[in-house]
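One structure below.
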Amino acid sequence: MIDLEEIQKRAQKANEAALKSLHKNLEQVQSLCEKFEEAPPQEPEPPEPELQGQALEEANNQRQVEILGQIFSEDVMAQMAANQQHLQELMEGKVSEISAAAMDSIGMMNQLFGEDMGVLSAALETLEMEEAEGEEEEEPVMDAQWEEDVNTLLEETMARIQGLPEPEPIPYGKDPDQWERFGILLSGIVSTINDHRLDGMDVEAHIPVMEQQVVSIVRRSWGIDGRSDLLEMIRYLMGEGYILRYHLYSEAASPEELLEGEEDEEERENVARAWRFAQRYKERYAPSFMAGWDIGRAAMLARWGCYLGWITRGEAVGILWELSQRAAEELCSWRQFAQSYLFGGTMWKLLCGDSAVDSYLGYLANAATDLLVGKEDQQGGQWRQVPWPARRKIGFIP
């Protein structure tokens, strides 16, 4: 992975080194010229009147060439010219290298942000295309029709997830290794979006660049800056989270009951959209159906915290154990877990006032599909290789 700040520092160092080398060569040439001028000079011919102005300048330039020619052999002169050309090509190559590196960095920007910013790289690519075409795409108007389109897209996407193949749940017993593996995979959607590893507790290799990127994810997307913040957020997700929020929005008679009185107009509109969302689905999905959305993010935070050393591996394993038991009790399959994540993510987007719900749902659904079906070079994804625990409590209302 490429660190953009590190690239800029390297480019600056390369530029300074090249300039230093060029100055050194010029100083050597100047020194040799001065030594040559100290030798007894030949009596110059008196300049003709017509050698004034531009002609005189050309004569001086020619004289400097002759001096250098007398100081250095033809081979040395040829080598100096080649060195100058090589230096120019080297500098041009550095510029191209930095430009290419900057473009490559766009592809890994999702590593710099958390799940809440998982579609940033796609947004940047879209913006780049729009600038190239000289056109600006207007954001959709978030009116009643837009809300209806969002709900339709959510239902269609959840139906597509339901149609994916998945093995039957199996008993786990008390095998700690099996439960730990299951707990790690609960972070699967966020991990897949961010290209994290899923073969163990560590999300990435322990190198400074990757560690700094994970710190950026946690700080920028979650406002978490250490152990206490991390544990407080995990406790919130495990104890309240969107399960409680969805319950409150479902029970409220109007969106005004959910306001604290300090919200601006945009915030009030966002609350109203989320309230209408909860009212639409409260007869179909119980609050416990939000469990996948809360559990998946809490599992990711536990792995991030362990990777950064904010919590011990034992603490992370304990948190994942608790999350695993909750998941097995509230949900019945990886497909339902993914549907819960889509459902919770949609309500979150509505509360944020973000109109890019369609692309967000697409990224979540693609990640879930990769985890269940696998990519072209895989025989099934990681979820398919680890069936859901046989203990279950369905989150749907009969």
Side-chain angles (χ1 to χ4, degrees), residues 115-120 122-127 129-130 135-163 189 193 221 240-294 296-297 335-336 338-369 395-397:
E115 173 271 330
D116 293 348
M117 300 283 287
V119 297
L120 180 60
L124 291 174
E125 291 172 2
T126 302
L127 178 61
M129 292 172 60
E130 291 174 353
E135 300 178 357
E136 292 186 2
E137 183 179 350
E138 295 183 0
E139 293 186 1
V141 178
M142 299 171 67
D143 54 12
Q145 183 58 52
W146 177 85
E147 290 183 36
E148 185 63 29
D149 292 342
V150 166
N151 292 326
T152 300
L153 178 61
L154 171 64
E155 293 166 10
E156 291 175 349
T157 307
M158 291 174 65
R160 179 159 63 90
I161 294 296
Q162 185 61 35
I189 292 179
I193 290 175
S221 295
E240 299 179 13
Y242 267 66
I243 290 180
L244 177 59
R245 177 166 290 184
Y246 178 69
H247 171 73
L248 294 175
Y249 277 61
S250 299
E251 295 297 318
S254 69
E256 285 71 27
E257 292 184 11
L258 303 165
L259 300 175
E260 297 179 358
E262 300 178 356
E263 296 84 357
D264 57 26
E265 182 178 355
E266 181 179 353
E267 291 171 334
R268 290 194 296 271
E269 291 177 355
N270 296 338
V271 170
R273 292 189 190 98
W275 176 80
R276 288 192 290 269
F277 177 85
Q279 295 299 309
R280 178 188 181 105
Y281 291 109
K282 66 180 182 180
E283 299 300 328
R284 294 175 59 184
Y285 302 108
S288 59
F289 185 62
M290 280 287 186
W293 171 244
D294 289 336
R297 294 182 298 154
R335 288 176 301 198
Q336 196 182 41
Q339 290 171 327
S340 171
Y341 209 97
L342 290 164
F343 190 75
T346 301
M347 185 174 178
W348 170 72
K349 280 290 186 181
L350 294 173
L351 276 169
C352 292
D354 191 340
S355 63
V357 181
D358 54 349
S359 58
Y360 183 69
L361 289 176
Y363 276 90
L364 298 183
N366 289 342
T369 301
F396 288 96
I397 296 177

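- Taken to the nearest 0.5 Å, the NZ atom of Lys282 stands 6.5 Å off from the CD atom of Glu251.
- Heavy atoms only, all atoms of each residue included: Ala368 and Ile161 are closest at CB-CD1, 4.0 Å.
- Distance alone, capped at 3.5 Å, places no donor-acceptor pair between the Glu262 side chain and the Glu260 backbone.
- In this structure, Trp275 has its ring center at least 6.0 angstrom away from the ring center of Tyr249.
- In summary, Glu269 and Arg273 engage in a salt bridge, as defined by a charged side-chain N under 4.0 Å from a carboxylate O.
- A donor-acceptor pair under 3.5 Å is absent between the side-chain atoms of Ser250 and the main chain of Gln279, judged by distance alone.
- Closest approach of Gly292 and Tyr341 over heavy atoms only: O-CD1, 3.7 Å.
- Of all heavy-atom pairs spanning Asp294 and Ile243, the tightest one is OD2-N, 3.1 Å.
- In this structure, Trp348 has its ring center under 6.0 Å from that of Tyr360.
- For the residue pair Glu155 / Asn151, no side-chain donor-acceptor distance below 3.5 Å is found, with atom types taken as modelled.
- Taking all atoms of both residues into account, the shortest heavy-atom contact from Leu342 to Ala365 is CD2-N, 4.1 Å.
- Rounding to the nearest 0.5 angstrom, the gap separating the OG1 atom in Thr152 from the CG atom in Asp358 is 12.5 Å.
- At least one donor-acceptor pair under 3.5 Å links the side chain of Arg297 to the backbone N or O of Trp293.
- Ring orientation note: the planes of Phe343 and Phe277 are tilted relative to one another, at an angle of 30° to 60°.
- The backbone N or O of Asp264 sits less than 3.5 Å from a side-chain atom of Glu267, completing a donor-acceptor pair.
- Side chains of Ser254 and Glu257 form a contact here, defined as non-hydrogen atoms less than 4.5 Å apart.
- The aromatic rings of Tyr281 and Tyr285 are tilted relative to each other, their planes meeting at an angle between 30° and 60°.
- A salt bridge links Arg280 and Glu148; the closest N-O separation between the charged side-chain nitrogens and carboxylate oxygens is under 4.0 Å.
- Relative to the six-membered ring of Tyr242, Arg245 meets both conditions, a distance below 6.0 Å and an angle of at most 45° to the axis.
- Using a 4.5 Å cut-off on side-chain heavy atoms (C-beta onward), Leu364 and Ile193 make contact.
- Shown here for Val357 and Lys349, the closest heavy-atom pair between the two residues is CG2-CB, 3.8 Å.
- Taking each heavy atom of Ile189 and Ala367 in turn, the nearest pair found is O-CB, 4.1 Å.
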